[in-house]
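Take a look at the structure set out below.
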Amino acid sequence: MLSIKNVTVTYDNFIALDKISLQLGSNCIHGLIGQNGAGKTTLLNTLYGFLESESGNITWNEQPLITTDIAYLPAESYFYPMITGREYLELICMNNPGFDIDSWNNLFNLPLDNLIESYSSGMKKKLAVMGVLALDRPIIMLDEPFNNLDIETNHTLRAILRKYVANGKTILLTSHVLESLTAICDQIHVIENRTIQHSFNKPEFSEIESYLFKKRDSLIDKNLEKLTK
Amino acid sequence: MRGQYINIILKLRYHQLVRLLNNLGRLRSFLFLLFLLIPIVIQPGLLYELPILVIPILHYSRKDNRFLQLIGIKPFFIFSIEYLVICIPGLVAGLLTGTWWAIVLIPGAFITAFLPSNFKINSNRSLLFSHYNPLPITAYEWRSVFRRTKYFYYFLYLILLIAAILYPNTLPISLVIVGYFQVSFYDKCESYQFLEAFQRGPDRFLWYKIGHGLFYYSISMIPYMAIYFLEPAFPLYVPLIIYAGGLLWVVNCVVTKYMLYMEGKDLKYSYAYIMLIVLFSFVFPIIPVLTASWFYWRARNRLKYYLYAFD
């Protein structure tokens with residue numbers, strides 16, 4: 001169980017996360033949804049340790065959370081220039097020599113012996129996802145993982161994540177596209193005003209849209225009429 | 001385990017270098033290596049002086065800090081190894097020539113590896129003078145750098161100004177350091193819509209950017225030149241040559257940026273180009289003039305793909 005209790009993060013006198021509390025159980029895919037700037041990536045960066053929380057605590061199985069417990073895929077990945085996909089994965093596999101690059105590549109179909117510069121943005125994303133899977137850690141955090149992925153790879157990634165969850169891992173995904181989360185998650189947490197406003201279990205997913213867009217729809221109706229005359 | 005890290009990182013760096021040279025092509029690789037070796041043959045001391053300049057530049061422009069943390073490798077460890085490898089030729093040359101101070105490269109490499117590798121701000125909520133900015137929006141490169149480096153550039157400028165007032169002998173070094181930061185104004189490529197907003201063809205656009213760069217560089221040099229005239233510590237031509245060199249430097253920065261322009265990209269190689277030009281200019285002072293002309297021609301040809309306006 002990944003436990004987040006009353007975590008507050010501030011920088012430059014701005015409260016980025018305000019007393020966030022969340023319980024993320026194992027064998028479960030958790031989704032995090034919210035507007036741009038709501039704090040999704042900030043929460044992931046805090047969990048990984050890139051940002052320090054002012055208060056609260058974060059534990060994994062009742063022990064302090066450490067970075068070697070987490071495999072984190074950021075929204076934008078970094079690749080060294082002039083290296084091939086295979087070299088990128090070999091660097092990551094230093095921590096997990098048992099990762100069979102070629103067998104996994106049968107699922108992703110990447111030209112691993114070509115330079116990463118020649119990859120499209122979708123291929124780079126696939127490579128970054130492979131890198132995260134290569135780390136083989138109990139918690140997997142993916143920030144906007146389905147962006148730029150083709151339909152087939154989306155389908156493959158969902159299957160992989162379901163398998164990982166069945167094997168006891170804890171997975172946390174973020175997205176600003178609701179459908180990408182409802183298709184795979186067991187729980188979805190809504191982050192708004194820098195805190196968790198509501199959590200929905202799978203049977204309640206049909207209520208998320210009306211919860212998110214209730215206020216927004218009346219604002220849109222009011223202004224769109226004026227703007228599009 | 002650490003031995004394996006060292007092995008794989010050094011192998012990776014070797015492959016990157018070989019591929020870079022392959023990309024340049026045989027003739028350009030040969031010329032590149034020749035221009036690198038000639039100054040060293042003429043002045044072997046460059047072998048142990050260059051790392052003092054090159055390592056901080058490399059360290060400041062690194063972007064792999066977070067990536068290394070994400071894959072479970074301590075950045076300090078990798079940075080130290082890489083910087084020590086860069087220092088090896090200098091160390092050997094220093095020991096062979098009896099220049100014992102070259103040994104300082106070793107602790108220098110570790111100290112640099114320990115320093116933060118960027119001065120980027122996390123948010124825009126504490127901009128210095130955020131509600132007042134004397135720079136017009138057309139000087140967006142300068143605005144961007146001041147904000148990216150938070151207080152560092154102001155702090156550095158003030159420190160160098162104070163040093164120049166108290167110790168006029170430091171004036172040439174201060175001018176070189178301030179001039180060096182001009183490079184960082186031109187290492188990020190704006191979107192092509194930005195370029196189009198100027199509504200000029202390649203030639204007029206380039207001259208506009210060069211003119212802007214020279215204007216702001218000259219403004220930033222005014223306090224230093226004023227200090228010189230009030231407290232001359234050198235013959236007149238010394239600061240004037242450095243100032244003129246800085247003007248050429250700015251021109252090279254601008255044309256190098258647009259020669260390498262790719263929409264939205266960071267230009268990692270522009271630092272290398274500029275530092276090589278500076279290096280070669282100590283041996284062949286005409287080099288910056290030649291490179292400014294050649295790179296201008298290449299920048300103009302590149303911009304033709306992006307700009308719809310004609311001159």
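What you see below is based on every heavy atom in this structure, not just the backbone, and it leaves out hydrogens, waters and symmetry mates. Chain letters run A, B, ... following the sequence lines, proteins first and then strands; every chain starts at 1.
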Ring pair (Phe, Tyr, Trp, His ring centres under 6.0 Å) pairs, two or more places apart, involving residues 104-146 of chain A: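 Qualifying pairs: Phe99(A)-Trp104(A).
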Contacting moiety of Ile8(B), where chain A heavy atoms sit under 4.5 Å: side chain
Measure [X] against the heavy atoms of chain B and call it side chain, backbone, both or neither at under 4.5 Å.
X	answer
Leu115(A)	side chain
Thr84(A)	both
Tyr80(A)	both

Does a salt bridge link [X] with [Y], judged by any charged N lying under 4.0 Å from a carboxylate O?
X	Y	result
Glu82(B)	Arg62(B)	yes
Asp102(A)	Arg86(A)	yes
Glu87(A)	Arg19(B)	yes
Lys257(B)	Glu190(B)	yes

Parallel, tilted or perpendicular: rings of Phe114(B) and Phe76(B) (30°, 60°):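 If you compare the ring of Phe76(B) with that of Phe114(B), the planes turn out perpendicular.
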Positions in residues 129-144 of chain A that reach chain B, provided some heavy atom is under 4.5 Å away: Leu135(A), Arg137(A)
Any donor-acceptor pair under 3.5 Å from Tyr48(A) side chain to Gln69(B) backbone: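 Indeed, once roles are kept as given, a pair shorter than 3.5 Å links the two residues.
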Side-chain (Lys40(A)) to main-chain (Gln35(A)) donor-acceptor, under 3.5 angstrom: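 Such a contact is found between Lys40(A) side chain and Gln35(A) backbone.
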Between Asp64(B), Leu17(B), Val18(B), the one whose heavy-atom pairs under 4.5 Å with chain A are most numerous: Asp64(B)
